Amino acid sequence: MLRLGESGLAREILDKVCRLEFQVIDAEDSEDIGDDSPFTVADAEKERKLSMCMSEIGHDWVEALLLDNEDESPEFAGKLLEVLDNEMCHEINLNDFNGLFSDKLLDYIEELLEKKIEKIDADLKVFSEESRAWWEKYALEKKKARSQHHLLDIRKKC
């Protein structure tokens, strides 16, 4: 769809598909169903149930969002960061989209990332002051590293 110039339709479809979550409510005893957590497209990719790899789908999602964008507001920058935080987009670098980011949009994203990193640092400080599960701390550290990577891409102007 992106190659056909239908970025708006591609964005709408990818927004729905990439955010899709479902749960098995009632099933016979099965080893495949271990908990009540939702099953996502990322989970389907891990189980090799997709014909495309997750990073390709995530790349198309971000590209469709950028091509369909007519608004360079802080709100759009926040929406873009939300998409980049989705597991489908974890292997994506901002420099993969050269020419699709305006300087103004990059400035908004940079500001949001700096605030996000400050919040994560504050949360990590709380972790050092009280004992919590190590995986929560690890998840925060991964988020921080990912945000720092995006910030570096922006400062290099992608």
Side-chain angles (χ1 to χ4, degrees), residues 1-24 37-127 134-158:
M1 295 181 118
L2 286 173
R3 290 184 188 100
L4 296 173
E6 295 292 333
S7 58
L9 184 57
R11 182 199 47 78
E12 287 177 28
I13 291 170
L14 287 167
D15 246 1
K16 290 176 183 173
V17 169
C18 292
R19 296 177 197 273
L20 181 66
E21 293 183 351
F22 61 93
Q23 281 182 295
V24 176
S37 62
F39 190 80
T40 65
V41 176
D43 295 324
E45 198 265 345
K46 289 174 190 169
E47 294 186 15
R48 302 176 193 255
K49 303 222 184 257
L50 300 177
S51 62
M52 292 176 69
C53 76
M54 189 167 59
S55 61
E56 289 176 28
I57 297 169
H59 184 279
D60 288 350
W61 188 16
V62 173
E63 184 177 355
L65 190 61
L66 289 167
L67 289 172
D68 192 47
N69 174 40
E70 295 178 6
D71 177 27
E72 293 188 343
S73 67
E75 292 78 23
F76 177 75
K79 183 177 180 178
L80 183 60
L81 280 178
E82 180 186 323
V83 168
L84 288 167
D85 281 343
N86 186 289
E87 191 173 358
M88 299 290 294
C89 301
H90 280 190
E91 294 182 24
I92 293 173
N93 296 311
L94 296 179
N95 59 8
D96 293 340
F97 304 97
N98 284 335
L100 294 180
F101 287 101
S102 69
D103 288 341
K104 185 177 180 181
L105 184 57
L106 288 173
D107 289 342
Y108 287 139
I109 294 171
E110 181 177 14
E111 186 178 316
L112 291 172
L113 284 170
E114 288 170 347
K115 288 177 184 176
K116 182 177 182 179
I117 291 169
E118 285 176 18
K119 183 182 179 333
I120 291 172
D121 282 338
D123 290 344
L124 285 170
K125 186 176 179 188
V126 170
F127 269 99
W134 63 269
W135 60 87
E136 290 179 36
K137 183 176 181 183
Y138 176 72
L140 280 174
E141 288 170 343
K142 277 182 66 173
K143 274 182 154 178
K144 180 180 177 181
R146 180 111 181 99
S147 294
Q148 288 172 324
H149 181 80
H150 286 319
L151 198 55
L152 183 62
D153 276 352
I154 288 171
R155 290 186 175 148
K156 289 181 183 178
K157 293 297 182 198
C158 298

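FYI, side chains are in, hydrogens and waters are out, and symmetry mates aren't considered; it's all heavy atoms of this structure. As the structure is a prediction and not an experimental result, all values here were calculated from the model.
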Student check: side-chain heavy atoms of Ile154 and Phe101 closer than 4.5 Å
no

Dump the intermediate steps for side chain to side chain contact (heavy atoms under 4.5 Å, CB included) on Leu152 and Lys156, then the final yes or no.
CA-CA 6 Å; Leu152 183 62; Lys156 289 181 183 178; 4.0 Å; yes

Heavy atoms of Met88 and Ile57 approach each other most closely as CE-CG2, 3.4 Å

Tell me, do Leu65 and Leu14 make a side-chain contact under 4.5 Å, heavy atoms counted?
no

Quick check for you: to the nearest 0.5 Å, what is the distance between Leu113 atom CG and His149 atom NE2?
11.5 Å

Ignoring hydrogens, what is the shortest heavy-atom contact between Glu91 and Arg146? Give both atom names and the distance.
N-NH2, 4.2 Å

If the condition is side chain to side chain donor-acceptor pair (under 3.5 Å), which residues does Thr40 pass it with, not counting sequence neighbours?
Asp43

Checking the side chain of Asp96 only, and the main-chain atoms of Asn93 only, is there a donor and an acceptor separated by less than 3.5 Å?
yes

Atom CD of Gln148 with >12 non-hydrogen neighbours under 6.0 angstrom
yes

In short, Cys89 meets Leu84 closest at the heavy-atom pair CB-O, 3.7 Å

Nearest non-hydrogen partners of Ser73 and Leu105, listed with the distance:
O-CD1, 4.5 Å

Side chain to side chain donor-acceptor pair (under 3.5 Å) test vs Asp85 passes for just one of His90, His150, Lys116, namely Lys116

Under a 4.5 Å cut-off applied to non-hydrogen side-chain atoms, are Leu66 and Leu80 in contact?
yes

Between Tyr108 and Glu72, what is the shortest heavy-atom contact and its length?
CE1-O, 2.8 Å

Which value, rounded to the nearest 0.5 Å, describes the distance between Asp68 atom CG and Glu63 atom CD?
12.0 Å

Got a sec, which residues hit side chain to side chain donor-acceptor pair (under 3.5 Å) with Lys119, two or more places apart in sequence or on another chain?
Asp123

In Å, rounded to the nearest 0.5 Å, how long is the span from CG of Leu94 to CG of Leu81?
8.0 Å

Are the charged groups of Lys79 and Glu75 less than 4.0 angstrom apart, N to O?
no

Trp61 and Asn86, any side-chain heavy atoms less than 4.5 Å apart:
yes

For Glu87, give me all partners under side chain to side chain donor-acceptor pair (under 3.5 Å), at least two apart in sequence or on another chain.
Lys46

Considering non-hydrogen atoms only, spot the tightest contact between Leu112 and Gly78 and give its length.
CD1-N, 3.4 Å

Arg48 CZ to Cys53 SG distance, which is reported to the nearest 0.5 Å
11.5 Å

Would Asp60 and Met52 count as a side chain to side chain contact (heavy atoms under 4.5 Å, CB included) here? Give the steps.
CA-CA 11 Å; Asp60 288 350; Met52 292 176 69; 3.9 Å; yes

